[in-house]
Number of protein chains: 2
Amino acid sequence: MKTLTSRQQAVLSFVEEYFQQQGYPPTVREVAAHFGIQPRAADDHLSALKRKGYLHREPGRSRGLALTGRQPELVVEVPILGQIAAGQPLLATEQVEDTLPLPRSWVQGEEVFLLRVTGDSMAPLILPGDLVMVRVQPRVARGDIAAVLVFDEATIKRVYEEAGGLVLKGDNPDFTPLRFSPGEAAELVQILGKVVGVYRSL
Amino acid sequence: MKTLTSRQQAVLSFVEEYFQQQGYPPTVREVAAHFGIQPRAADDHLSALKRKGYLHREPGRSRGLALTGRQPELVVEVPILGQIAAGQPLLATEQVEDTLPLPRSWVQGEEVFLLRVTGDSMAPLILPGDLVMVRVQPRVARGDIAAVLVFDEATIKRVYEEAGGLVLKGDNPDFTPLRFSPGEAAELVQILGKVVGVYRSL
DNA sequence: TTGACAACTATTCTTTTGTATAGTATCTAA
DNA sequence: TTAGATACTATACAAAAGAATAGTTGTCAA
């Protein structure tokens with residue numbers, strides 16, 4: 001198999017991801033739109049990928065590209081984590097309480113889990129009993145809501161990483177922000193991932 | 001899961017086989033050609049299959065059909081309604097903008113739909129951009145949050161039915177409650193159903 | 001016996017989509 | 001240094017495809 005340029009690799013990845021999410025391949029124009037280029041340029045990339053054997057194209061057919069041995073899923077089984085223990089790998093089977101089938105379009109990214117909210121420190125945006133979807137990532141943007149492991153306990157807070165240390169703040173003013181020096185933070189605090197969705201049953 | 005007619009079963013089998021062989025789903029016209037029928041007839045079959053939850057269709061896209069993840073008992077296709085018009089039957093196909101596969105455990109009751117929230121009258125519990133799940137029912141308990149059709153426009157409000165009339169109140173104090181005399185209410189207000197879930201993407 | 005559903009025909013309209021022509025600019029290996 | 005690959009722009013066209021309008025026929029249950 002011939003090697004791909006980084007651009008071609010990116011196009012292939014996009015096609016694979018699109019396929020996983022939608023259940024069918026993208027059009028040439030959708031590839032073009034995703035990369036902000038003209039259809040012709042996208043066509044060039046897809047031709048190159050076909051020439052190098054990475055995908056199959058059926059001339060003249062809409063979405064006529066196929067990746068060998070792909071099984072698309074419309075629904076993804078997302079694990080609900082019970083108690084989260086520090087140290088352990090996050091998605092270890094002992095921690096998975098249940099799984100829920102969610103539409104692929106709601107699941108952004110690779111590693112994702114659900115967490116049942118207990119406290120109301122993030123009220124009114126996130127309430128006790130809510131289910132939050134967390135995309136696993138080791139760092140988040142300033143002010144993002146994240147699932148954070150503090151002293152062996154998982155909580156949902158806004159994260160502010162600063163030179164002076166780390167601050168975990170709830171939206172609810174009744175809760176005092178937690179402040180950590182850089183040293184403490186490294187030892188006691190672990191960002192599990194960014195909260196990307198909230199699901200509430202009324 | 002609803003049962004299929006033998007013809008619908010045959011169409012579903014063809015879609016599955018085609019998908020397995022080609023790596024992408026068939027077009028409506030290809031289904032039609034395979035059975036020797038008109039595109040419109042094939043479209044009818046595919047619509048029926050979508051309605052019964054056996055596959056997902058993306059309106060307007062070529063080959064925009066995807067097979068549901070083969071555990072249909074766990075997943076229910078919930079319609080997302082666009083503009084809701086008074087008089088029309090609620091789940092009329094013209095009003096259905098799309099459908100989303102949701103876990104059965106989240107879907108309470110038979111007739112359920114999703115609505116995209118536009119105003120912030122129910123802030124902070126429900127925010128613009130949220131998706132709310134509505135269980136269709138003609139009346140709700142006092143103080144329940146409901147999807148209500150007022151003057152041909154669908155809104156989310158708390159409903160207070162009293163001897164003196166009907167009051168629709170938003171949680172957001174910036175919004176003045178709407179009051180209707182019993183006569184006005186009967187004429188202008190229609191309760192679509194109770195809001196049983198809120199889904200928010202962050 | 002009415003009405004909903006299923007299963008179609010025939011035709012048409014409008015988008016979507018693949019692909020083409022005709023270029024430019026950059027880089028790289030012979 | 002020069003041919004070939006890469007990575008694009010801009011425009012255009014014809015075919016493919018979704019979806020709609022407007023029906024017909026048959027079945028089956030209330």
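This one's a predicted model, so the numbers in the text were calculated from it and none came from an experiment. Here is how names work: the chains are called A, B, and so on, in the same order as the sequence lines, proteins then strands, and each is numbered from 1.
Within the 3.5 Å criterion, the main-chain N or O of A/Leu125 finds a donor-acceptor partner in the side chain of B/Arg200. Side-chain atoms of B/Glu187 do not come within 3.5 Å of backbone N or O of B/Glu184 as any donor-acceptor pair. Of the possible donor and acceptor atoms, one in the side chain of B/Gln137 sits under 3.5 Å from a partner among the backbone N and O of B/Arg139. A donor-acceptor pair under 3.5 Å links the side-chain atoms of A/Gln8 to the main chain of A/Thr5, judged by distance alone. Under the 3.5 Å distance criterion, the side-chain polar atoms of B/Asn172 are matched with a main-chain donor or acceptor of B/Asp120. Under the 3.5 Å distance criterion, the side-chain polar atoms of A/Arg63 are matched with a main-chain donor or acceptor of A/Pro25. Between the side chain of B/Arg116 and the backbone N or O of B/Gly129, at least one donor-acceptor pair lies under 3.5 Å. In this structure a side-chain-to-backbone donor-acceptor pair under 3.5 Å is missing from B/Gln22 to B/Tyr24.
Using a 4.0 Å cut-off between a side-chain N of Lys or Arg and a carboxylate O of Asp or Glu, B/Asp43 and B/Arg57 qualify as a salt bridge. Salt-bridge check for B/Lys50 with B/Glu58: failed, with every basic side-chain N at 4.0 Å or more from each acidic carboxylate O. Between A/Arg158 and A/Asp171 a salt bridge is recorded (basic side-chain N to carboxylate O distance below 4.0 Å).
Listed pair A/Ser62 / D/dA16 fails the phosphate criterion, with no side-chain N or O lying under 4.0 Å from OP1 or OP2. Note on B/Gln8: a side-chain N or O is less than 4.0 Å away from OP1 or OP2 of C/dA7. Checking the phosphate oxygens (OP1, OP2) of D/dA5, no side-chain nitrogen or oxygen of A/Thr5 falls inside 4.0 Å. The shortest distance between the side-chain N/O atoms of A/His45 and the OP1/OP2 oxygens of D/dT6 is not below 4.0 Å. Of the side-chain N and O atoms in A/Arg57, one or more sit less than 4.0 angstrom from OP1 or OP2 of C/dT19.
Candidate nucleotides C/dT9, C/dA7, C/dT17 were compared by shortest atom distance to the side chain of B/Gln38, and C/dT9 ranks first. Distance from the side chain of B/Ile37 is smallest to C/dT9 among C/dA7, C/dT9, D/dT6. Nearest to the side-chain atoms of B/Ala41 among the listed nucleotides C/dT17, D/dT6, C/dC8 stands C/dC8.
B/Thr118 and B/Pro128 get closest at one heavy-atom pair: O-CB, 3.3 Å.
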What N/O pairs connect the protein and nucleotides 21-29 of chain C at under 3.5 Å? Give each pair on its own line.
| unit_1 | atom_1 | unit_2 | atom_2 | d |
| --- | --- | --- | --- | --- |
| C/dT21 | O4 | A/Arg40 | NH1 | 3.2 |

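Between the CZ atom of A/Phe35 and the C1' atom of D/dT9 there is a distance of 18 Å, rounded to whole Å. Between B/Leu46 atom CG and D/dA20 atom P there is a gap of 14 Å when expressed in whole angstrom units. Between A/Asp43 atom CG and D/dT6 atom P there is a gap of 14 Å when expressed in whole angstrom units. Between the CD atom of A/Glu30 and the P atom of C/dT15 there is a distance of 17 Å, rounded to whole Å. Going from atom CZ of B/Arg63 over to atom C1' of D/dA17 covers 9 Å, rounded to whole Å. Atom CG in B/Leu49 sits about 16 Å away from atom P in C/dC5, given to the nearest Å. Rounded to whole angstrom, the span from the CG atom of B/Leu65 across to the P atom of D/dA19 amounts to 10 Å. As a whole-Å value, the separation of B/Tyr18 OH from D/dA17 C1' is 12 Å.
Rounding to the nearest 0.5 Å gives a distance of 14.5 Å between CZ of B/Phe14 and CD of B/Gln9.
Comparing A/Ala48 and A/Arg29 by the nucleotide of DNA chain D whose heavy atom lies nearest to each, the residue mapping closer to the 5' end is A/Ala48. Comparing B/Ser6 and A/Arg61, the nucleotide of DNA chain C nearest to each residue sits closer to the 5' end for B/Ser6.
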Using a cut-off of 4.0 Å between protein heavy atoms and nucleotide atoms, how would you tag nucleotides 24-30 of chain D 5' to 3' with B, S and -? -------

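Between its two ends, the helix from C/dT1-D/dA30 to C/dA30-D/dT1 turns its axis by 40°, counting five pairs per end and rounding to 10 degrees.
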